[in-house]
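Taking it in order: structure first as structure tokens, then the write-up.
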Amino acid sequence: LLAMLAVKVYTQFYRALKQWFNNMVALLWIPCLSFSLGILIYIGPSLVTYCITELNGVEANEGKPNVFLITFDSMTTRDMSLYGYHRRTTPYMEEFAKECYVFENMRSICPSTTIALTGVLTGKHPWSQITKDSSLLPIDLTGALPQKIQSIATELKGSHYTVAVAGTGRGIAIETQFDAARNEWVHGKLGSFFYEICGRSFHPLSPPLPWAQLLFSGKTAPLFAGAVQCLGGLKQRPFFMWIHILPPHLPYLPPPPFKGTFLPGEEDFSHPSPTYEESEQPYVDKMRARYDEFILYVDACFHSFLETLKEKGLYDNSLIIVSSDHGESFEKGYLYHGQSPQLYEPELRIPLLIHFPGQSDGSRISVLAGQVDMVPTIIDILGKPIPSWVEGKSLLPYIQGEISDGNKATYSMSGGKLAVLQGNYKFVRLPDRTEKLYNLEKDPNELKDILCEEPDVAARLRELIHNRKKPNKMAEK
């Protein structure tokens, strides 16, 4: 009885506190903003990054490569010149790709950072993940996966790797599983706190544009610098480091000299809603230009990071994987990610580049790949047996040319929507059980539903959905 009473009192107090905060934000958001900016100006430098734990002692194990897993937030291949985009947004990645295996058909499992990155680190589909929230941001203040969840971090620690995370680590910053972490405080704990108390409208990822300019402009280079600083503490080798970079996520604020490359002028653009009218497409196109300039900036920072690795003698003996959590949309009346009614391709198509230690030439691989394939691929490349808890498939046989599987399928899921891709076809099931089928080779923009024209293909892909593991309640929600 006492426990039940305590829970009820806490719940009532929490709701009252949240309501009070909402009222204060509505009435006093300008003074609050001024006060917050004052704090950031005077004590922000000491809070931007922090170390979670000291390095645990691990024995050195020479001969194994270091591993860098770099994920950019909201980077779609639709806007990367590396993948054929008309604007030259990724010149340095194009050079890097000459020494990489470039996967041309990589898909996100979900246009949500939390679920997508959980898939990257655990090799599990959305319906198999144990997460506290399926929305765009965590509702808890820790954002950490429990220790019992198996991941690439726990697997490599068992192989005498030091594992570290650097960057923003939004949503699933599994610091408890890493030996060391260097996170960005504003985007991490503080952001989650304001999101929980005040709601989405006060979260740093969707602030008024002037505040966004102060908080976010030019943040990429310091994050890579933080990763380099974290490297300084990794005295033992080999190590695995996951670096998650927030840009080119909105707000799209490329710094000089990148700003103005594709759209002259100094104006910044934002849209209050994830949907827009057809008449607003010219304005959305200007937003996209700034997004493309942000990618150009990220590309340059990535190049600088690779040069730093070369200077420190870490490039030639490292496995480097570059990808994203999900894409970004500027078409069909939908902006950003996670908002389209049927998991359109701009939200799902993401890059995947894999550079082996000492690799000097590259090639492109057309097989369908998904984020759940990343963990088994890394483990396979390192020569370790792939654990049974992984749901994806290693891509190493495709890299080595041992197999060319046109029947390999990938899945994406969000908000009750589920898509399965196999070969050139994409089958989508919506929450109301409506189904659609597209031939992406003939119709890359998903304009013509051919469900009635090719019922056999639809039946085959529908069966793949039926045969997948049943989603748990949280994933289905």
Side-chain angles (χ1 to χ4, degrees), residues 33 36-37 40-41 44-45 47-49 70-76 79-82 85 87-96 113 166-170 182-188 190-191 203-229 243-271 283-309 322 324-325 327-328 330 335-337 351:
L33 175 59
S36 299
L37 291 177
L40 290 174
I41 290 172
L47 296 176
V48 169
T49 56
I70 303 170
T71 52
F72 297 100
D73 208 306
S74 308
M75 182 177 281
T76 176
D79 287 62
M80 298 176 66
S81 53
L82 171 63
Y85 186 53
R87 287 175 175 153
R88 192 80 186 281
T89 54
T90 53
Y92 290 113
M93 287 191 189
E94 289 169 38
E95 288 300 312
F96 177 62
T113 298
T168 56
R170 293 174 49 240
R182 192 167 184 87
N183 208 331
E184 184 158 342
W185 205 75
V186 170
H187 296 168
L190 182 61
H203 193 276
L205 290 182
S206 57
L209 195 56
W211 188 19
Q213 292 167 332
L214 289 174
L215 283 177
F216 291 96
S217 185
K219 282 290 183 181
T220 305
L223 287 177
F224 271 119
V228 173
Q229 293 171 13
I243 306 170
H244 184 63
I245 301 299
L246 184 62
H249 190 287
L250 65 92
Y252 314 126
L253 299 172
F258 305 94
K259 187 175 184 178
T261 302
F262 304 126
L263 179 66
E266 295 296 320
E267 184 180 359
D268 293 311
F269 303 92
S270 64
H271 197 282
Y283 182 86
V284 170
D285 292 341
K286 294 180 180 179
M287 290 180 60
R288 187 172 188 174
R290 290 288 183 256
Y291 170 77
D292 292 344
E293 292 166 354
F294 217 7
I295 293 179
L296 184 66
Y297 167 57
V298 167
D299 180 69
C301 292
F302 171 71
H303 170 70
S304 297
F305 178 67
L306 292 184
E307 291 300 307
T308 300
L309 294 184
V322 179
S324 177
D325 54 355
E328 198 83 333
F330 299 91
L335 285 168
Y336 315 133
H337 50 270

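Here the structure is a predicted model, which is why all the values come from computation and not from measurement.
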* Any side-chain heavy-atom pair from Phe96 and Val322 closer than 4.5 angstrom? -> yes
* So which heavy atom on Arg290 is nearest to which on Gly265, and how close? -> NH2-O, 3.1 Å
* Asked: Salt bridge or not for Asp79 and Arg288, using N-O below 4.0 Å?
  -> yes
* To do: Hey, could you give me the CG/CG distance between Leu246 and Asp73, rounded to the nearest 0.5 Å?
  => 5.5 Å
* For Asp292 and Tyr85, what are the C-alpha separation, side-chain angles and deciding distance, and is it a side chain to side chain contact (heavy atoms under 4.5 Å, CB included)? -> CA-CA 10 Å; Asp292 292 344; Tyr85 186 53; 2.6 Å; yes
* **From CA spacing to verdict: side chain to side chain contact (heavy atoms under 4.5 Å, CB included), Thr261, Arg87** => CA-CA 10 Å; Thr261 302; Arg87 287 175 175 153; over 6 Å; no
* Using atom types as modelled and distance alone, determine if a side-chain donor or acceptor of Thr89 lies under 3.5 Å from a backbone N or O of Ile295. => no
* Rounded distance (nearest 0.5 Å) linking atom CZ of Phe294 with atom CE of Met287 -> 12.5 Å
* To do: State whether a side-chain donor-acceptor pair under 3.5 Å links Ser324 with Thr71.
  => no
* Asked: Tell me, do Tyr336 and His271 make a side-chain contact under 4.5 Å, heavy atoms counted?
  -> yes
* Do Pro247 and Ile245 have side chains that get closer than 4.5 Å, going by heavy atoms? -> yes
* Could you tell me whether the side chain of Phe72 reaches within less than 4.5 Å of the side chain of Phe302, counting heavy atoms only? => yes
* Heavy-atom check, side chain of Ile243 versus side chain of Phe305, under 4.5 Å -> yes
* Asked: Do Glu267 and Lys286 come within less than 4.5 Å of each other through their side chains, counting heavy atoms only?
  -> no
* **Approximate separation, where rounding is to 0.5 Å, of Thr113 OG1 and His337 NE2** => 5.0 Å
* For the side chain of Tyr283 and the backbone of Ser270, is there at least one donor-acceptor N/O pair under 3.5 Å apart? -> yes
* So, for Tyr291 and Ser74, which heavy atoms are closest and what is the spacing to 0.1 Å? -> OH-O, 2.6 Å
* To do: Can you establish whether the number of heavy atoms outside Tyr92 located under 6.0 Å from its atom OH is more than 12?
  => no
* Asked: Does the side chain of Leu263 reach to within under 4.5 Å of the side chain of Phe269, using non-hydrogen atoms?
  -> yes
* Asked: Side-chain contact, heavy-atom cut-off 4.5 Å: Ser304 with Phe224?
  -> no
* To do: State which residues pass side-chain contact (heavy atoms from CB on, under 4.5 Å) with Pro91; sequence neighbours excluded, sorted by chain then number.
  => Arg88, Leu296, Asp299
* Would Tyr252 and Glu328 count as having a side-chain donor-acceptor pair, cut-off 3.5 Å? -> yes
